[in-house]
J.: 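Have a look at the structure that comes next, please.
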Amino acid sequence: MLKSRTLHPQQALCRKNLRYASSALNNRKQILRSSVMTAAAPVQALPYRVGHGFDLHRLAEGYKLIIGGIEIPHTKGCEAHSDGDVLLHTITDAILGALCLPDIGQLFPDTDPKWKGARSDIFLSEAVRLMEERGYILGNIDCTIIAQKPKLSPHKENIRNSLCTLLKADASVVNVKAKTHEKVDSIGEERSIACHAVAMLVRKDLVTTNN
Ligand code: CDP
Ligand code: ZN
């Protein structure tokens, strides 16, 4: 006979979440079948959700270099269907990922002429809207831009302030780092630029302010 045992709180939470997910899935089968993209499906009410984002763009002459909504003076910019803002694309995917939603390319296909030359803050604002709709706010975000050139440190504060505005967040929870790629591979050879981000979302009803 199997001995009954007390579950560790994390195991109990896992089981509860599994039961919730299974019944939620059954209830929403119809909605999900018709449209995964637009369903305002409730995500599990976890206290925290973590998401990772990554993006890479080719660098080419004749394009503006826009990072985090800031135009950076440089001889090349990101080739893209939209404005090619590698940092905003990355953050958008980190937030969508935390919510277990489809990624930026699924929500805003680069085959859709509607997004040609679009400002990437549109994509990020939609991710923020979806986050708020599901009852979350940004806990904190940590981003790493990987670019051999240009030197980004003189622009990091501008970029961070721009992100704070777009994310409706305080500077104390938004971090931007820059790395070279030690001159190797496409990034190091200045043929591309990439970015990583990890975002943590916090359930809004759990956040207390000190004012
Ligand atoms: O020294 P380590 O290999 O860790 O870093 P690196 O890639 O050589 O970058 C050195 C410093 O330059 C970093 O701490 C960044 O803050 C800065 N950096 C920058 O301002 N702009 C870049 N495109 C790359 C790096
Ligand atoms: Zn992109």
Side-chain angles (χ1 to χ4, degrees), residues 36-37 51-99 101-131 138 140-169 171 174-199:
V36 173
M37 307 303 168
H52 168 258
F54 169 77
D55 194 25
L56 179 147
H57 282 267
R58 272 198 299 261
L59 282 171
E61 286 174 7
Y63 293 87
K64 287 180 178 173
L65 180 61
I66 299 172
I67 301 180
I70 303 293
E71 189 176 335
I72 311 283
H74 193 43
T75 50
K76 298 175 186 176
C78 289
E79 266 184 20
H81 187 67
S82 64
D83 67 2
D85 193 322
V86 68
L87 178 57
L88 295 195
H89 296 181
T90 299
I91 295 174
T92 301
D93 258 354
I95 294 173
L96 293 174
L99 298 167
L101 285 172
D103 66 37
I104 186 171
Q106 291 171 281
L107 291 180
F108 308 100
D110 62 8
T111 47
D112 188 336
K114 190 162 60 179
W115 307 121
K116 187 158 173 54
R119 287 172 53 131
S120 298
D121 54 3
I122 296 172
F123 311 143
L124 182 55
S125 297
E126 177 59 5
V128 169
R129 190 191 69 77
L130 289 165
M131 171 178 79
L138 184 75
N140 73 301
I141 187 155
D142 186 22
C143 312
T144 304
I145 308 159
I146 313 168
Q148 194 62 42
K149 278 186 185 165
K151 190 88 179 157
L152 292 172
S153 43
H155 307 285
K156 274 198 324 201
E157 234 10 69
N158 270 349
I159 293 172
R160 179 147 86 147
N161 290 336
S162 165
L163 294 184
C164 289
T165 305
L166 295 171
L167 293 164
K168 303 179 196 170
V174 177
N175 193 40
V176 178
K177 311 194 296 297
K179 298 293 280 185
T180 67
H181 211 256
E182 301 293 349
K183 299 186 179 176
V184 299
D185 300 336
S186 68
I187 304 174
E189 290 164 8
E190 300 172 46
R191 292 184 284 114
S192 67
I193 182 167
C195 193
H196 292 266
V198 176

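Side chains included, hydrogens not; waters and symmetry mates left out as well; all remaining heavy atoms used. In this chain, residues are counted from 1 in sequence order. Remember, predicted model here, so these are calculated numbers, not experimental data.
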J.: List the residues meeting side-chain hydrogen bond (donor to acceptor under 3.5 Å, both in side chains) with Thr144, not counting sequence neighbours, and say none if there are none.
T.: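 Residues passing side-chain hydrogen bond (donor to acceptor under 3.5 Å, both in side chains) with Thr144: Lys177.
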J.: Taking all atoms of both residues into account, what is the closest heavy-atom pair of Cys143 and Ala197, and its distance?
T.: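 Between these two residues, the closest heavy atoms are SG-CB, 4.0 Å.
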J.: For Ser186, enumerate each residue passing the side-chain hydrogen bond (donor to acceptor under 3.5 Å, both in side chains) test, keeping only those at least two apart in sequence or located in another chain.
T.: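 Partners of Ser186 by the side-chain hydrogen bond (donor to acceptor under 3.5 Å, both in side chains) criterion, ordered by chain and then number, come out as Ser192.
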J.: How would you list all residue pairs meeting ring pair (Phe, Tyr, Trp, His ring centres under 6.0 Å) that involve residues 78-97, not counting sequence neighbours?
T.: His57-His89, His89-Phe123
J.: Any pair with a residue in residues 114-126 that passes salt bridge (charged side-chain N to carboxylate O under 4.0 Å, His left out), sequence neighbours left out, goes on the list, sorted by first then second residue, please.
T.: Arg119-Asp121, Glu126-Arg129
J.: So, Gln148 side chain and Glu182 main chain: donor-acceptor pair closer than 3.5 Å or not?
T.: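 Answer holds: yes.
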J.: List for me each residue that meets salt bridge (Lys or Arg N to Asp or Glu O under 4.0 Å) alongside Lys151, sequence neighbours excluded, and say none if there are none.
T.: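 Checked Lys151 against salt bridge (Lys or Arg N to Asp or Glu O under 4.0 Å); zero matches.
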J.: Tell me the salt bridge (charged side-chain N to carboxylate O under 4.0 Å, His left out) pairs involving residues 155-167, sequence neighbours left out?
T.: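 For residues 155-167, and leaving out neighbouring residues, the salt bridge (charged side-chain N to carboxylate O under 4.0 Å, His left out) pairs sorted by first residue read Glu157-Arg160.
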J.: Going through the checks in order, is the side-chain contact (heavy atoms from CB on, under 4.5 Å) test met by Leu163 and Leu88?
T.: CA-CA 8 Å; Leu163 294 184; Leu88 295 195; 3.5 Å; yes
J.: Restricting to pairs with a member in residues 67-79, which pass side-chain hydrogen bond (donor to acceptor under 3.5 Å, both in side chains), not counting sequence neighbours?
T.: Arg58-Glu79
J.: Side chains of Lys64 and Asp83: closer than 4.5 Å at any heavy-atom pair?
T.: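 Side-chain contact under 4.5 Å: no.
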J.: Between Cys195 and Ile146, is there a side-chain heavy-atom distance shorter than 4.5 Å?
T.: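 Result no, sub-4.5 Å side-chain heavy-atom pair not found.
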J.: Identify the residue among Asp55, Asp85, Ile122, Ile104 that makes a side-chain contact (heavy atoms from CB on, under 4.5 Å) with Thr92.
T.: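 Of all the options given, the one that passes is Ile104.
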J.: Got Val198 and Ile141 here, is their nearest side-chain heavy-atom distance under 4.5 Å?
T.: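 Val198 vs Ile141: side chains apart.
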J.: Quick one: side-chain hydrogen bond (donor to acceptor under 3.5 Å, both in side chains) partners of Asn175, sequence neighbours excluded?
T.: Asp142
J.: With Asp185, which residues qualify under side chain to side chain contact (heavy atoms under 4.5 Å, CB included), at least two apart?
T.: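 His181.
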J.: By ring pair (Phe, Tyr, Trp, His ring centres under 6.0 Å), which residues pair with His52, not counting sequence neighbours?
T.: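 Checked His52 against ring pair (Phe, Tyr, Trp, His ring centres under 6.0 Å); matches are His196.
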